[in-house]
Structures are given as C-alpha cells and as structure tokens.
Amino acid sequence: MSSKGEHHSVPLSVLLKRESANEKIDNPELVHGQFNQSKKGEDFTFVKTECQRVTGDGVTTFSVFGLFDGHNGSAAAIYTKENLLNNVLAALPSDLNRDEWVAALPRALVAGFVKTDKDFQERARTSGTTVTFVIVEGWVVSVASVGDSRCILEPAEGGVYHLSADHRLEINEEERDRVTASGGEVGRLNTGGGTEIGPLRCWPGGLCLSRSIGDLDVGEYIVPVPYVKQVKLSSAGGRLVISSDGVWDAISAEESLDCCRGLPPEASAEHIVKAAVGKKGIRDDTTCIVVDILPSEKPAASVPPPKKQGKGIIKSMFKRKSSGSSSNIEKEYLEPDEVEELFEEGSAMLSERLDTKYPLCNMFKLFMCAVCQVEVKPGEGVSIHAGTANCPKLRPWDGPFLCASCQEKKDAMEGKRSSGDRHSSESD
C-alpha cells in the first residue's frame, strides 16, 4: 500500500499510445495524385496540403484540391485558381475553434465563389470556368461546385457518394426553370429550317451550363453560387475522385473506381483518364485528381475493394473487423462508423445561402458585406432579405448585409435588373 502523497505514474508508453490514437482521429493521412491529357489547354488544378487555419499554429491543418475546367479561353480558370482560396478564407471569421470553422465553411464557400466571379467580371473578360473545390479538414470533406466537373467519394466501407451537382441544362430541369425565370432562353442550336442539334444551351452565348465563374458575355443568370455538400468520414477513411467532364462523359463513377482498384492515387488518376480517353478518344481536356484519406497507421495504398451493396448512394456501412489487438483504445478509435452527412444546399438564391441562424450568426460581423467583406456603415448596407417574397418588415439590424455593388450583382443574378448588352459566343 502506498504512503500518503504517493501516486502511481502512467507509463510513458501508455501516454504516447493515447496521444497517437487521438492524432489518428484528428489528422488522417492524405495521399494524392493527378493526371491530365490536354486538347485545349483549359483545365487547371490546384493542390495545397497542410494549410494552417491559424497562421503559425502548426497543429491543426486542412488541405485543398481544386479542378477548374475553362471554356472560351483559360483566363477565368487561371484567375479562379489563383484567387478562390483566399476569397473563401477571407469570408471566415478569425478565432474560430475547429468545429466552428467547419460549420462556417459552407457559407464562406458561397461568398468566396461569388466574390471571385464578381472580381473577375470587373476585368471584362469573357471566358468562364467550372469549379470543383474540395477542402479536407480532419475527417470532414467539404465540396463546392459549379458546372459539370464532379467529385465522388468511395468510403473504405464501400458504396459511392456524389459530393457535387451537375449543372448541365440538359439534365437539370430545376436549373432550366431558374434560368428562364431570370430572363435567359434555353434551347438547342438551330441550324436553320427548324432543325435543332446538340445539347440544351442558354442563349445568348450558347453555354451548356447554368452555373460557372465568369461568362460575362452569356448573362448574369449564369450564376457562380455553388452547390455545397459536407460529409464526415469514419476513421477508416476513403477515396475521392475529382474529374472534369472529359472523364464523366466516357465512364461512370463505378467504372472510374473499378478501373484503378488496388492502385495508389497517382497511378489511379492516370488509369481513370486513360480509361476515359480510350473509350471516347481525346475530345476534350481530361483531368483527374485522386485523394486517399487514410488512417495514419495505414500504408499509402488504394481504398480496399468494397463489398457489393447494390446501386445508388449507400448509407448503410459495414464496420471493419478488429485488427486483433486487445487494446480498448485502439478499438475505440479504429472501428469506423458510417459516413455522416453534415450539410447540403444547392439553392442559387443568396438570401438563402448567406443567411445564418443562431449560434452560427454570432461568428460573422453584422456590418460587413457578406460577399466581399468590406465594412458597411449602419444604414448603408442592403439586407440580403430585401425584396424577397413574403419578407417581414426589415429592421436596421436584420442582416446579413451587402454593399451596393454586391447587391447589384445579386439583383442581376436573380433577374431583377438588366445585366447589360451581351455578346454572343458559343462555348462548351
């Protein structure tokens, strides 16, 4: 029996094991690779790993993967690649903890996309770009997308999750209705004599997409407001495949995963691109990024083959078998749960996307433009709710607010003012 004042120390090996287990949960290992076959030179990628949420902190990090498929030139894709991340981060309040940062991210992604589009259009350039933008923070994956590039997730437990939306007018009836309601026209290319060919396009301009960044010549009803989806993976991890339409026009999500089963990310990206090109030829720029999100004790390799679970999005996941260790700590941290869907929203209305409810609203400054982050003096800003249907009488503090130029941008996107003369141009 120990005497008074004595205590038993926890062995160092146990403390290290506990710390290691916690680190595995908080910080998975990310391994990525990419491959491209170019025809027009208008696809661009952005990869930045181990970014610090708090500069100089060196502890909590996130990683970013972006794919930009340009059309009618590369200017919009290059500008977006160089500026989007900074605009998203500028829309996030400082001094947030990890959970608050993740919760605030969907709103910041919307603000960052719209600001990037607004700033680019002020340069009076007419090219445009699709964007699939992925932020991985711990086990949480946040994806924002406009256009027809896509991101899919295969969890380690099996199944396929589609983390992006396809904004092609041909397949998205809701977007066709929105564009026509905002003043655009939707139809196929008329070759004369009443003959129509090709996919549905928006006129003027002839764009096949309803959302993008840029495309000033088409009309501001082609909006930059992204579809955003946020999921939390289990501690077993998973694989992300981010590809331009050159891949998805040729092969399905399941085919893309099956053709590279057992391969590391870089080889997988190459196999996916070559499978797509081999099926339909090099008709367009074809680009793929593969990201494996792995438990830190696991070697850098492909996600294991999933169990067959039928078609569609699978939400019922299997737990991985025990590794045989008797450690309760290891069991607690290594046994996966199912993928958790945290957030999903695709509305094109800024009044719905930039609004925040308590307690999230306390993270954002009230008299700050919700898009461009400039200070707005009380009484000068315009509430994002102004002019919305069934809107109650607004009080001076009923934000969030927009500055005058961002309010003008919002009105144009919603068809509430003329977006000016546009010059027709055909683009893919």
Side-chain angles (χ1 to χ4, degrees), residues 21-32 53 60-65 88 92 96-110 132-145 150-165 226-242 253-254 257 290-298 303-304 306-322 329-347 353 356-360 363:
N22 275 292
E23 190 148 329
K24 289 172 187 173
I25 286 296
D26 292 337
N27 298 303
E29 180 182 357
L30 267 60
V31 186
H32 68 275
R53 287 195 297 107
T60 54
T61 63
F62 63 95
S63 296
V64 184
F65 305 90
V88 171
L92 284 162
L96 300 182
N97 64 36
R98 188 174 195 167
D99 290 342
E100 291 170 338
W101 193 90
V102 168
L105 192 53
R107 182 184 190 270
L109 284 163
V110 173
T132 303
F133 202 65
V134 181
I135 296 180
V136 181
E137 162 61 271
W139 298 102
V140 176
V141 178
S142 304
V143 181
S145 61
R150 300 179 199 167
C151 175
I152 62 170
L153 162 69
E154 181 186 39
E157 304 89 350
V160 179
Y161 281 72
H162 294 262
L163 303 185
S164 57
Y227 168 90
V228 177
K229 188 159 186 172
Q230 193 177 66
V231 298
K232 185 175 184 179
L233 278 64
S234 76
S235 56
R239 164 166 284 188
L240 298 171
V241 176
I242 310 159
E254 290 76 11
L257 295 164
V290 175
V291 184
D292 282 350
I293 303 172
L294 305 167
S296 56
E297 86 284 357
K298 193 171 184 178
V303 175
K307 298 180 181 180
K308 298 296 182 182
Q309 303 179 41
K311 298 179 180 179
I313 297 176
I314 307 301
K315 297 183 181 179
S316 177
M317 300 299 171
F318 292 99
K319 287 196 172 184
R320 190 175 60 186
K321 290 183 180 180
S322 170
I329 293 178
E330 287 185 14
K331 288 182 180 179
E332 177 183 354
Y333 285 107
L334 297 183
E335 281 190 345
D337 297 317
E338 65 180 39
V339 172
E340 180 183 0
E341 296 188 6
L342 303 179
F343 181 91
E344 181 179 17
E345 181 58 66
S347 171
R353 304 302 299 279
T356 49
K357 305 299 182 184
Y358 181 84
L360 190 62
M363 300 179 189

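For clarity, every value in this text was computed on a predicted model and none was experimentally measured. Here, residue 1 is the first one in the sequence, and each next residue gets the next number.
- Within the model, atoms CG of Asn27 and CZ of Phe62 stand 13.0 Å from one another, a figure rounded to the nearest 0.5 Å.
- Interatomic distance, CZ of Phe133 versus OG of Ser142, reported as 11.0 Å (0.5 Å rounding).
- When atom types are taken as modelled, the side chain of Glu345 and the backbone of Ser347 share a donor-acceptor pair closer than 3.5 angstrom.
- Applying the side chain to side chain contact (heavy atoms under 4.5 Å, CB included) rule to Ala144 yields the partners Leu109, Phe113, Pro226, Val228; only residues at least two apart in sequence or on another chain are considered.
- Val136 has its side chain within reach of Leu240: a pair of non-hydrogen atoms, C-beta onward, lies under 4.5 Å apart.
- In terms of heavy-atom proximity, Tyr227 sits nearest to Gly346 at CD1-CA, 3.8 Å.
- A 4.5 Å side-chain heavy-atom check between Val88 and Leu105 finds at least one atom pair inside the cut-off.
- No donor-acceptor pair closer than 3.5 Å links the side chain of Asp292 to the backbone N or O of Leu294.
- Inter-residue side-chain proximity for Val141 and Leu153 is flagged as unmet; no heavy-atom pair is nearer than 4.5 Å.
- Residues Arg150 and His162 fail the side-chain proximity criterion, which asks for heavy atoms closer than 4.5 Å.
- Separating the OG atom in Ser164 from the CD1 atom in Ile242 is a distance of 9.5 Å, to the nearest 0.5 Å.
- Each of Glu338, Glu157, Glu340 was checked for a side chain to side chain donor-acceptor pair (under 3.5 Å) with Ser234, and the lone residue meeting it is Glu157.
- Val102 is linked by a side chain to side chain contact (heavy atoms under 4.5 Å, CB included) to Glu137, Val140, Gln230, counting only residues two or more places apart in sequence or in another chain.
- Counting heavy atoms from C-beta on, the side chains of Leu257 and Ile152 come closer than 4.5 Å.
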